[in-house]
Visitor: 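Mind having a look at this structure? Questions to follow.
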Amino acid sequence: MSISVDRASVGLRSERGPVLGALMLSTGLIAIDATILATAVPSIVRELGSYQQFPWLFSVYLLAQAVSVPIYSRFADTLGRKPIILLGIGLFLIGSVLCGFAWSMTALIAFRVMQGLGAGAVAPMSMTIIGDIYTVAERAKVQGYIASVWAVSSVIGPALGGVFAQLDAWRWIFFVNIPLCALAGWMLVRRYREETQTHRHRIDYAGAVLLTVGLTGVILGLLEGGHSWAWLSVPSGLCFGIGMLSLVVFAVVERRATEPIVDFSLFARPLILATTIVSLGVGALMIGVTSFAPAYLEGSLGIAPLLSGLAVAALTLGWPIAAANVGRLYLRIGFRRTALIGLTIATVAAAALAAVSPWPNPVVVAVVAFVLGFGLGWSAAPTLIAAQSSVGWGERGAVTGMNAFARSAGSAVGVAVFGAISNTVIAQGAGPHDPATIVSASFWVFVGAAVVAVLTLVAAVFMPRDSAADQSGRADA
């Protein structure tokens, strides 16, 4: 079968163009939030205090996103995509307003949870809707439009974050979301129409609670261990013990649930299993750089937040540039080979970042981060589309949600692990205000990121061999 694409049929001026525009704007909400906060962390810490707690700003957001993604995805396959994405935009809006008025680090961390709950609906639903209304060949073109959102956000986000931080107006980092949320919601209400395949459903409350308790326990233990209490202590034992036990019970409960939060039967399919593991690694690898590189540059060199933000922006710029062009490659050589090329690039870049980190230089970090982002963008899109293309409408929400859940969970656990590494080195050194200690802590964080990159590359090796025509035939059937 032919996989040629009529480019006029997938553009913003096409029949589906208004829906694509609404999804681009919705994606922009998450894209800007992913890049705007990291550059302002030192400013937030100066006003609210608690340097050791700043990883929680990312981990609770990612935890809420990770836990909610499977729940939203399950409802999306029953109630439809539109009500779920509108709910997510609403929650993200409320969370942004509350974050803007936060009076302490604890309050800001709590309000980030609501933002995460909103992002848990917006991100996967946007990709699910794209999977519904476009074929595999068309998605190679549409991916360019979505990637352009991340490209613009990768420049605007860190720049805005740096400017707000230097003006001591970091609260506007959250207030800028208000008009974006309002416009995105209005466009979806007016333009998006869907034919849902509804049926009666049962909510897996037990699974949702167990997953939340399990991930929270593990992440709490990782972030606070070696800082608030010793690693070999009763609090650590309780956190890890309750967390791991809850996750084990969760796995048992999900196998018996009528409509499980996470459908473990999907893991019996080699393609779904491999792409899910890759998403875990991609999430952890990206958060390890975007969350810690700004603090590394600012703490070691004392440079302005705007400059450190631009260095990190190179990563988030490399990603969409790769994603916008990767469709041509995977339509020619297949998803697996494309993902392997991308992850090889990312692994080399991650190792290079660890190697150069003892000598802080924003230009070098920017170059390496760009290459790392390019490699991740070259691998994330093919693995997601490969998974989506292997199932029909009734499972596409669950599969897309599984991919998004894995990336969010990888990011949440990744930032906790890297935060634990950083806090341990800082505690053993001269403290968070000593440049040499910051360099040492960052070096070990980047070493951890390099190890994650290697493991992710190994996971991609186990993706089934494929051709784009085979995948497209299943998706369009």
Visitor: Between L25, I85, L29, which is the residue that forms a side-chain contact (heavy atoms from CB on, under 4.5 Å) with S126?
Guide: I85
Visitor: Taking only residues two or more places apart in sequence, or in another chain, which ones meet T456 in a side chain to side chain donor-acceptor pair (under 3.5 Å)?
Guide: none
Visitor: Distance from M114 atom CE to L93 atom CG, nearest 0.5 Å?
Guide: 10.5 Å
Visitor: Just to verify, what does F418 make a ring pair (Phe, Tyr, Trp, His ring centres under 6.0 Å) with, not counting sequence neighbours?
Guide: none
Visitor: Using the side-chain contact (heavy atoms from CB on, under 4.5 Å) definition, which of the options I129, L180, V122 pairs with S26?
Guide: V122
Visitor: What's the separation between atom CG in L376 and atom OG1 in T347, rounded to the nearest 0.5 Å?
Guide: 9.0 Å
Visitor: Output the distance between atom CG (L23) and atom OG1 (T27), rounded to the nearest 0.5 Å.
Guide: 6.5 Å
Visitor: Does the ring center of Y296 lie less than 6.0 Å from the ring center of F446?
Guide: yes
Visitor: How many angstroms lie between atom CG of L329 and atom CD1 of I341, to the nearest 0.5 angstrom?
Guide: 5.0 Å
Visitor: Rounded at 0.5 Å granularity, tell me how far CD1 in I94 sits from SG in C99.
Guide: 12.0 Å
Visitor: Could you give the distance from CE (M463) to CG (L271), rounded to the nearest 0.5 Å?
Guide: 5.5 Å
Visitor: Centres of the W170 and F175 rings: under 6.0 Å?
Guide: no
Visitor: Using the six-membered ring wherever Trp is involved, compare the ring planes of Y61 and F92 and label them parallel, tilted or perpendicular (cut-offs 30° and 60°).
Guide: perpendicular
